[in-house]
Amino acid sequence: MLLPDRNTIARLLRNYRAQERHVLARPHDLAARRRFEDTAYTLCVLMGERTARQAVLAAERYTAEPAGARVQVCGSTRTGGVAAE
C-alpha cells in the first residue's frame, strides 16, 4: 500500500483545523464551508477513510508515528522501505 507523504498530511491537517475554526466562527460563509469540505474530502481520499472524522483521526495517528515506524504490508513487516527479516 502506498502511504501519503507525512509532511503533506501534517500540512493538510493544520489547514483543516484552521478552516474548521473559521467555519465555526462564521457558519454562514459558504465559500469557507466549501473550502473546508474540499479539505475534508482530500483528507478522506489520502487517508483511505469514508468520513472526515475518521480521516482526521487517521491523519493524527499517522503524523504522530515516528518516520521509521514499522508498517505491516501484505503479511511482511517493513521498516523505512526495507523488508525486515
Side-chain angles (χ1 to χ4, degrees):
M1 179 171 118
L2 292 175
L3 298 174
D5 177 57
R6 197 173 304 276
N7 293 328
T8 300
I9 296 300
R11 182 175 38 81
L12 193 59
L13 193 54
R14 285 191 306 271
N15 193 15
Y16 175 89
R17 292 294 187 200
Q19 290 176 4
E20 181 180 45
R21 287 189 301 273
H22 184 81
V23 167
L24 288 172
R26 295 176 187 87
H28 300 294
D29 185 347
L30 296 180
R33 181 167 293 280
R34 266 188 246 113
R35 283 191 304 274
F36 177 62
E37 290 172 354
D38 287 347
T39 302
Y41 176 78
T42 303
L43 266 176
C44 287
V45 170
L46 290 175
M47 298 310 299
E49 299 292 345
R50 289 181 172 253
T51 68
R53 179 175 168 75
Q54 291 172 332
V56 167
L57 293 174
E60 287 172 342
R61 282 191 308 271
Y62 182 63
T63 56
E65 291 176 359
R70 291 179 177 245
V71 178
Q72 187 72 22
V73 180
C74 297
S76 66
T77 303
R78 295 184 174 265
T79 305
V82 179
E85 309 253 348

Q | Arg17 and Glu20 ion-paired at < 4.0 Å | A | yes

(Q) As an exercise, state the distance from CG of Leu13 to OG1 of Thr39, rounded to the nearest 0.5 Å. (A) 11.0 Å

Q: Check step by step if side-chain contact (heavy atoms from CB on, under 4.5 Å) holds for Ile9 and Arg6.
A: CA-CA 5 Å; Ile9 296 300; Arg6 197 173 304 276; 5.9 Å; no

(Q) So Tyr62 and Leu3, do their side chains get closer than 4.5 Å, heavy atoms only? (A) yes

Q: Nearest 0.5 Å please: distance from the CD atom of Glu60 over to the OH atom of Tyr16.
A: 9.5 Å

Q: Working to the nearest 0.5 Å, report the span between OG1 of Thr42 and CD of Glu37.
A: 12.0 Å

Q. If you take all heavy atoms of Met47 and Ala55, which pair is closest and at what distance?
A. CG-O, 3.7 Å

Q: Kindly compute the distance separating CG (Leu43) from CG (Leu12), expressed to the nearest 0.5 Å.
A: 4.0 Å

Q. To the nearest 0.5 Å, what is the distance between CZ (Arg35) and CG (Leu30)?
A. 10.5 Å

Q. Between CD of Gln19 and CG of Asp29, what distance do you get to the nearest 0.5 Å?
A. 11.0 Å

